Amino acid sequence: MFPQFLKGIRFADLTWAGAGPFSTKLFSDFGAEIIKVESGSRVDPVRAGGPFKDGVAGINRSGYFASRNTGKKSLAMNLKSRKSRDILYDIIRTSDVVSNNFGPGAMERLGLGYDEVKAIKPDIIYLSMPMYGEDGPLANLLGVGMTISAVTGLMWQTGYQGEGPIGPGTHFPDHAANPYHAAFAMMAALRHRRATGRGLKIDLSQVESTINCMGLPFLEYAMTGRERERMGNRSPFHAPHSIFACQGSDDWCAIAVETDSQWQALCQVAGLTELADDPALTHAAGRLQQVERIEQAVTLWTRRHGAKQVMMLLQAAGVPAGMVMNSRHLMEEDEQLRHRGYWQTLDHPEIGESQFTSPPFLLDGERVNLRRPPLLGEHSGDLLQQLLGYSAAQVQALRQEGVLE
Amino acid sequence: MSTQPLRPYTGIRIIDLTRELGSYATRLFADLGAEVIRVESKQGRGDRQQPPDVAGLDSHRFGGVPYAFLNANKKSLTLDLASSAGKTVLADLITHAQIVVYEAGEQADVSLADILAVPGARIVTSVSYFGLTGPYSHFVGTDLIAQSLGGIAWLSGEPDKPPLQLAGQQSVFVSSLYAAAATAIALWDFEATGHGHVLDVSAQEAIAHSLQNAIQVYDLEKRISSRGGEGVRDATEAAYACKDGYVFLAAPLSLPASWNGIIQWMTEEGFDGVARLHEPDWADRATRCKAAMRSEFKLLFERFVADKTKQEMRDNALKRKLVMAPVSKLADLQDDPQLVYRQYFQQVSMPGFDHTIAFPGAPYRLSEPLWQIERGPPESGRDSEAVLAGLAASQKTAGGQS
C-alpha cells in the first residue's frame, strides 16, 4: 500500500548525508511532500559515495543515496545565490517543516537561521540536528556517526573482553537513534502546532539523543556507581551467551541461554550429557563461573554443524539461537524476511531495478510500498511552476543563470 | 481551567503491554504528556525482574535498572488478568485508549487476539523479535539473537575474531524508535479519519533496516560488508590508546582537513613518525585500507599521543578541525563540558531511593518545555485506584451521552 497518512504536509528539506535524510524519508513514505533542497555544485556526499550500480560512479547511481531518499522530490539550486534564497523563502512560506543536519551556524550563513525562517513563516517547525547541539563549548567539534559512538559510551562499552574499545562497525547512531528520535519529535511538533497554532524549534543534539540509547548501562552506573568492563558477546547475568563458530570458515551462530530450562534443552540438543548432569551448572550463577568450560563444550558441537542448522535445532527446542547474518544471507537466504515481503524492488532511470528494505513493520498486514528516489534536480522545474507559479521561460532563465543546477 | 501546559500527547491514553522491545516506545510518548498505563498481573509484570536489580530494593515491587529507565513517567495498574473480571477491566481500559502497545511472546499476560477483539477503532502496535507472521515468528529472541539475525553483529568486531554485539541492548532501542515513530504517524491518520490501524513491528527487520549501506553494497556491487571494514575502512579510523584512555580518530583522504591537520600537528611537534606518512602509499586510498597499514598507523599514532590526555586531544580536535573525540566511559558523561553546559542530565526521584538519580535528558530539545520526566518508574499497582476511578468516570460520561 501507499499510505497517504501525511498527505498535505510539506518539508523544505535541507538534510544531507545519512542521518537527516533517513529521518525525512519516513515522512515521504507516508505521503508527505519532501522537497529535497540540494546543490549540484556541492552534492550530497552520499550521492558521491558508493555503492554504485555495477560499481560505476555517478551522482544518480548511489544505492546509499537511494535508500535514504525514497519518494522525495529534488530541487537543485546554487544555495549561495540571492535568487535561490528567494525561491527557497517562497517554498518555505508554503511548507510545514524546514529540516537540516548541518553543523552549528551553517543555516545562519545561508540566511536560513530559525529566526529568519520564523520571520517569513511564523508557525514553521524547524529541525536542526548537529552532533553536539547548537550551542556550548564543544558545539563545533566535528562529528561523524563514530565520533558520536565515542563520546556517548557506546564505543567504550562495545569490544572484546580484556581488549580495547572497538565500537559498532558502522556509524550506528546515524541509522536509527538519531533519525527516528528526530522523526518522533517532528510528529510531536506537528501535533503541537495543530493544537496550539504555534510552530516549534527542534534542536536535536545527536550525542544527547544517542545517550538515551545507552540509557540501560548509563542508569546502571548512575544507580550503582559501578561501570562494567567490556564483555564481548557474553552477558553478566546469563551463560552461555555468545556467538559460536560453526562449520564453515566464517559461519557463526549466537546462542543466548536465559533460563535454566533453556540450559537443559541446549545440553540435550548438543549431547552435553556431562554438563547437563553437573549440579554446579544447574543455575546461571554456577554457569557464569565456568563459562569458558561451557563455551568450549558448546563450540565442539557447533563446529560440526552449519550455523543455520545450529539455529534450527536449538530454536526447535526453545533455546534462543540465531545465525549471524551478513548482507547476502539477509537478502538471499533469510526465509523470514522473504516470507514477510521485506525486500522491495524499485525501478530507477539510471540504476535500473534494485532492492530496498521496507519500513520494518507491516501496516494493517501489508507492506508500506516505496517510491523511487529522485534524480538530482529532477523536480526543480515542476516545483517552481506548479508550487510557485513560475513560467517555463522563467525556469529556463534560472537554469541559464546557474541558479538552478 | 487547568494550568498544565498543553503537551503534544496530552489526552492520549496508551495501554502498555510491553516488556522490553516496546517499552522505550511508550516511554517516548509518556515524556510528551501521554497517559501511559502499564496493565500488569497482580504479582507485577516480569520485566521488573530484568537484571541488574539494585541491592536492597525489592525488584518485584520497584523493578530493576532496565525497568527504571524504560518506565519513567508511566502509570501502573494491577489486575488479575487470568480472571474474566480482570479481562473485562482490561477491555474497558482499551475501549478508552487511543493506542495499545503490545509485546508478543511466551511471557505475554494477554493475547493479541483479545486486544483486537475489543470493539472500537484505535492503534494497536505489536513489537516482537521477528514479527507476527512467518516461519521464525515463534522463535525465541533476545537482544543478541536480534543483533545476529538482523545483521549488525556481522558488521562489528575484528576480521580474525567473532562478530560482536553492540553494548546497551541496542535492539530494544532500534525497535522501539521505529515503533514509536510509526505509531505516531498512524495516530495522526486515526485522528483525521477515525480509521484504526495495526502495526506489526519486527526487531529483526528494524536492525536490518539500520545497516548503513551494507544492503546496497551487496545488491549493487555484490560485495559483502564485513566487520572491521577490511578493504573499506581507512587505516586511520579506529580508537587509539592515549595517556589516560582512548580517542577515536577518523582521518581518511575523504576528510582532508582531518588528515592534513594530523600531519600538521605532528610536524609542529617535530614528531619523527610524520616522514613516513608523507610517503606515496599514504596517498593511495585503496592501499590505506589494508590491514598492514592499519597496524602501522596504530603503532605510529599511539606513539604520538602516548603523552597526551583525552582532554588535550579534544582541545586539539576543536582547534585543528580534526574528526577526533575522546572515547568516553559512562562515568565520564556527567563531566562532559558540553553536556554540563547544556544541563543535559535530569535528576529523577526514584521509589526506594532517598536521593535522586541522574537520567539521560531529552533526546531532542523543543523550544517549549513540553518534554519532562515528571515521575520515576511506578511501583507495581501504584495507580490502580486512580486509573479505575478515572475509568468509571469516563464510562459514566459515555453512558450519559448515549
Side-chain angles (χ1 to χ4, degrees), chain A residues 5 30 51 53 55 63-64 132 136-138 142 147 150-151 153 155-158 165 169-170 175-176 180-181 183-185 187-188 191-192 201 203-204 209 211-215 217 219-222 227 233 237 243 254 256 315 320 322 324-327 335-336 339-340 355 357 360-362, chain B residues 8 51 65 69 134-136 139-140 142 144-145 148-149 151 153-156 162-163 165-168 173-174 177 180-181 184-185 189 199-201 205-206 209-210 212-214 216-221 224 227 239 248 323 325 327-331 337-338 341 357-358 360 363-365 367:
Chain A
F5 294 3
F30 275 93
K53 171 69 172 174
Y64 196 3
Y132 240 137
L138 305 180
L142 297 177
T147 45
V151 300
M155 185 174 282
W156 178 263
Q157 289 273 316
T158 298
T170 61
H175 308 304
Y180 292 93
H181 272 132
F184 186 77
M187 280 310 298
R191 290 181 67 83
H192 182 70
K201 182 183 184 195
D203 170 17
L204 185 144
S209 157
I211 292 174
N212 271 278
C213 297
M214 285 299 286
L219 205 62
E220 181 181 6
Y221 168 75
E227 180 164 358
N233 293 317
F237 314 111
I243 290 175
Q315 285 285 357
V324 183
M325 296 285 195
N326 64 30
S327 45
E335 294 168 31
Q336 178 69 7
H339 179 93
R340 285 171 60 84
Q355 302 290 306
T357 53
F361 43 80
L362 294 175
Chain B
V65 170
F69 179 72
Y136 298 175
F139 273 20
V140 194
T142 72
L144 180 69
I145 304 306
S148 298
L149 274 166
W154 182 278
L155 296 171
S156 301
Q165 72 173 337
L166 310 190
F173 291 90
V174 174
L177 280 162
I185 292 171
D189 184 67
L199 286 160
D200 169 11
V201 182
E205 292 177 11
H209 199 259
S210 309
Q212 198 156 293
N213 59 2
Q216 295 78 34
V217 166
Y218 183 69
D219 185 41
L220 298 183
E221 298 188 359
I224 298 173
R227 53 195 178 279
F248 172 78
V323 178
V327 180
S328 300
K329 300 182 186 188
L330 299 170
Q338 177 76 2
Y341 172 88
I357 299 291
Y364 43 77
R365 305 251 168 156
S367 51

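Letters A, B, ... mirror the listed sequences (proteins, then strands); counts begin at 1. Nothing here was measured: the structure is a model prediction, and the numbers come from that model.
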Enquirer: Are the side chain of T158(A) and the backbone of L166(B) linked by a donor-acceptor contact shorter than 3.5 Å?
Expert: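 Checking the backbone N and O of L166(B) against the side chain of T158(A), no donor-acceptor pair under 3.5 Å is found.
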Enquirer: Which heavy atom of M155(A) sits nearest a heavy atom of A239(B), and at what distance?
Expert: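 Answer, listing the atom of M155(A) first, then A239(B): SD-CB, 4.2 Å.
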Enquirer: Given heavy-atom pairs under 4.5 angstrom as the criterion, report whether the side chain, backbone, both or neither of E335(A) touches chain B.
Expert: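 Both parts, heavy atoms under 4.5 Å.
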Enquirer: Select, from T142(B), L330(B), V327(B), I357(B), the one with the greatest count of heavy-atom pairs under 4.5 Å involving chain A.
Expert: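 That would be L330(B).
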Enquirer: Heavy-atom pairs under 4.5 Å with chain B - which of Y64(A), W156(A), F30(A), Y221(A) has more of them than the others?
Expert: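 With the most close heavy-atom pairs to chain B, the winner is W156(A).
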Enquirer: Identify which of A183(A), G153(A), S209(A) forms the greatest number of heavy-atom pairs closer than 4.5 Å to chain B.
Expert: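 Sorted descending by pairs with chain B, the first entry is S209(A).
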Enquirer: Out of E220(A), H192(A), Q315(A), Q355(A), which one racks up the most heavy-atom pairs below 4.5 Å with chain B?
Expert: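 With the most close heavy-atom pairs to chain B, the winner is Q315(A).
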Enquirer: Taking A206(B), A325(B), S328(B) one by one, which has the highest count of heavy-atom pairs under 4.5 Å against chain A?
Expert: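 Ranked by heavy-atom pairs under 4.5 Å with chain A, first place is S328(B).
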Enquirer: Is there side-chain contact between V174(B) and P360(A), with heavy atoms separated by less than 4.5 Å?
Expert: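 In short, these two side chains do not touch, never coming nearer than 4.5 Å.
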Enquirer: I need the S327(A) OG to L155(B) CG distance, nearest 0.5 Å.
Expert: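 Here the interatomic distance stands at 7.5 Å.
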Enquirer: Considering all heavy atoms of both residues, which atom of Y180(A) and which atom of A181(B) are nearest to each other, and what is their separation?
Expert: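 Result for this residue pair: CD2-CB, 4.3 Å.
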Enquirer: Between S148(B) (side chain only) and V324(A) (backbone N and O only), is there a donor and an acceptor less than 3.5 Å apart?
Expert: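 Between the backbone of V324(A) and the side chain of S148(B) there is no qualifying donor-acceptor contact (under 3.5 Å).
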Enquirer: Look at D200(B), I224(B), L199(B), V65(B) and state which one has the largest set of heavy-atom pairs under 4.5 Å with chain A.
Expert: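 Ranked by contacts with chain A, first place is D200(B).
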Enquirer: Would you mind reporting whether N212(A) and F69(B) have side-chain heavy atoms less than 4.5 Å apart?
Expert: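 Contact flag for F69(B)/N212(A) side chains = yes.
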Enquirer: Counting heavy-atom pairs under 4.5 Å to chain B, which of H339(A), R191(A), K53(A), Q157(A) comes out on top?
Expert: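 Counting heavy-atom pairs under 4.5 Å, the top option is R191(A).
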Enquirer: Taking NZ, NE, NH1 and NH2 as the nitrogens, is one of them in E205(B) or R340(A) under 4.0 Å from a carboxylate oxygen of the other?
Expert: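 Answer for the salt bridge query: yes.
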Enquirer: If we define contacts as heavy-atom pairs under 4.5 Å, which of L142(A), L362(A), T357(A), L204(A) has the most with chain B?
Expert: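 Top count of heavy-atom pairs under 4.5 Å with chain B: L362(A).
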Enquirer: With a 4.5 Å cut-off on heavy-atom pairs, point out which of V323(B), N213(B), V201(B) contacts chain A the most.
Expert: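 Top count of heavy-atom pairs under 4.5 Å with chain A: N213(B).
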Enquirer: Highest number of heavy-atom pairs under 4.5 Å with chain A: which of A331(B), A214(B), A358(B)?
Expert: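 So the answer, after comparing A331(B), A214(B), A358(B), is A331(B).
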Enquirer: Taking every heavy-atom pair that is under 4.5 Å apart, which of A153(B), P360(B), P337(B) has the most such pairs with chain A?
Expert: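 Greatest number of close heavy-atom pairs with chain A: P360(B).
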Enquirer: So for F173(B), is it side chain, backbone, both, or neither that comes closer than 4.5 Å to the heavy atoms of chain A?
Expert: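 It is the side chain, since no backbone atom gets that close.
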Enquirer: Determine yes or no for a side-chain-to-main-chain donor-acceptor pair under 3.5 angstrom, with Q336(A) supplying the side chain and Y136(B) the backbone.
Expert: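 Checked: pair present.
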Enquirer: Let me confirm one number: the CG-NE2 distance from L177(B) to H181(A), rounded to the nearest 0.5 Å.
Expert: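 Rounded to the nearest 0.5 Å, the CG-NE2 separation comes out at 4.5 Å.
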Enquirer: Report the option among G322(A), G63(A), G136(A) that has the most heavy-atom pairs separated by less than 4.5 Å from atoms of chain B.
Expert: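 Going by pairs under 4.5 Å, I would pick G136(A).
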Enquirer: Kindly say whether Y132(A) contributes a backbone atom to a donor-acceptor pair with the side chain of Q338(B) at under 3.5 angstrom?
Expert: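 Yes; at least one donor-acceptor contact below 3.5 Å.
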Enquirer: Can you find a pair of side-chain heavy atoms, one from I243(A) and one from L144(B), that are under 4.5 Å apart?
Expert: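 Sidechains of L144(B) and I243(A): in contact.
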